[in-house]
Amino acid sequence: MPVNLPDKLPAIEMLKKENIFVMDDFRASTQDIRPLKILILNLMPLKITTETDLIRLLSNSPLQVEVEFLGLSTHTPKNTPIEHLMSFYTKFSRIRNTYYDGMIITGAPVEMLPFEEVKYWNELTHILDWARTHVTSTFYICWAAQAALYHFYGINKYPLEKKLFGVFKHTINDPSFSLFRGFDDEFYAPHSRHTTILSEEVRQQPGLTILSESDQAGLYIACSRGGREFYVTGHSEYSPLTLHNEYVRDMEKGMDSVSIPLNYYRDNDPRQPPLVQWRSHANLLYINWLNYFVYQATPFNIREIKQLGEL
């Protein structure tokens with residue numbers, strides 16, 4: 001089944017060129033089926049790129065998905081045309097009484113700031129609290145995962161000596177957990193961050209379970225309330241060229257100690273094309289999340305999410 005998207009969203013044409021099946025509002029309205037309602041709070045600066053990356057994965061499920069984008073009232077992005085934001089993004093005040101099957105909150109380029117110094121921190125924490133009673137399962141990515149773990153559990157982030165940058169091997173702590181159905185024993189995922197969360201601090205919290213880790217990248221996925229929240233420190237949604245574009249950007253800025261993304265280019269040579277090793281497991285990750293923790297878990301009456309406990 002396709003993803004149901006707002007008419008004229010730029011991602012539609014981009015993904016059609018990749019042979020990805022997407023559907024606009026007009027065609028979807030003729031189908032007699034309730035799609036999964038997925039809310040995306042997109043905190044990344046290049047919003048159209050992130051929209052496309054996430055929709056690429058959501059569209060690969062056999063379930064029909066209706067995507068809605070949420071913006072912040074306390075922050076105006078500088079890298080996305082205001083016309084795009086006005087056309088495709090809604091404000092929290094308009095949806096605060098709405099219930100959603102699933103929600104995705106992206107990373108943000110603010111990880112070196114203390115959480116409380118982020119301009120939109122108060123608005124974000126209000127949304128995090130709201131999601132616990134209005135969303136069946138929420139998928140936090142990178143900085144959003146750190147922010148949610150800090151807000152809900154007081155778990156701190158710590159600066160790394162140098163940027164964690166590249167594609168890293170991961171293992172699964174509980175292969176029977178349904179998020180990993182179809183996964184290999186070892187799989188790869190991209191990371192790009194300057195801070196980290198300590199696994200030992202997460203293990204001290206009885207409400208949290210570490211699901212996947214990496215010898216090089218550390219904690220990758222944790223969950224709480226049986227899958228009502230997933231905290232993902234990497235970027236499985238990245239397209240093949242995202243790390244390359246980031247590397248080139250940092251080089252052009254003349255940033256100190258710019259390192260080549262590890263395990264990314266063939267033979268670790270930036271003159272060679274990237275070797276994509278994470279695409280299949282990225283698709284599985286989102287398909288399993290949508291199926292087992294969104295579609296299978298949402299009450300028939302979506303308003304009963306408010307009474308939904310641990311999955």
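This chain uses plain numbering: 1 for the first residue, then up along the sequence.
The cationic atom of R132 (NZ for Lys, CZ for Arg) lies less than 6.0 Å from the six-membered ring centre of F152 and within 45° of the ring axis. Judged by the 6.0 Å distance and 45° axis criteria, R271 is not positioned over the aromatic ring of Y265.
Aromatic rings of F183 and H281 (six-membered ring for Trp) have centroids within the 6.0 Å cut-off, being under it. Two rings, from W278 and F187, have their centers 6.0 Å or more apart. Residues W121 and F115 place their aromatic rings such that the two centres sit under 6.0 Å apart. The aromatic ring centroids of F92 and H126 lie less than 6.0 Å from each other. In this structure, the ring of F230 has its center less than 6.0 angstrom from the ring center of F293. Aromatic pair F69/F88: centroids not less than 6.0 angstrom apart.
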task = For W289 and L179, run side chain to side chain contact (heavy atoms under 4.5 Å, CB included): C-alpha distance rounded to whole Å, both residues' side-chain angles, the deciding distance at 0.1 Å, then the answer.
result = CA-CA 6 Å; W289 174 64; L179 186 70; 4.0 Å; yes
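Heavy atoms from other residues, nucleotides or ligands lying under 6.0 Å from CG of D269 number more than 12. Around CD of E116, the count of heavy atoms belonging to other residues, nucleotides or ligands within 6.0 Å exceeds 12. More than 12 heavy atoms of other shown residues, nucleotides or ligands fall within 6.0 angstrom of atom OH in Y120. The environment of R303 atom CZ is sparse: at most 12 non-hydrogen atoms of other residues, nucleotides or ligands sit within 6.0 angstrom. Counting heavy-atom neighbours within 6.0 Å of D185 CG, excluding the residue itself, gives a total of 12 or less.
At distances below 3.5 Å, at least one donor-acceptor pair connects side-chain atoms of N173 with backbone N or O atoms of I210. Checking side-chain atoms of K47 against main-chain N and O of M44 turns up a donor-acceptor pair under 3.5 Å. In this structure, S214 contributes its side chain and K169 its backbone to a donor-acceptor pair below 3.5 Å. Side-chain N or O atoms of T80 include none that pairs as donor or acceptor with a backbone N or O of P77 at under 3.5 Å. At least one donor-acceptor pair under 3.5 Å links the side chain of T133 to the backbone N or O of W130. With hydrogens and angles disregarded, no donor-acceptor distance shorter than 3.5 Å links the side chain of N291 to the backbone of I287. Between the side chain of D101 and the backbone N or O of K37, at least one donor-acceptor pair lies under 3.5 Å.
In the model, S239 has a side-chain atom that pairs as donor or acceptor with a side-chain atom of T242 under 3.5 Å. In summary, the side chains of E252 and Y247 do not present any donor paired with an acceptor at a separation below 3.5 Å, with no hydrogens or angles considered. A donor-acceptor contact closer than 3.5 angstrom links the side chains of Y100 and E68.
Each of N60, V65, L54 was checked for a side-chain contact (heavy atoms from CB on, under 4.5 Å) with Y286, and the lone residue meeting it is L54.
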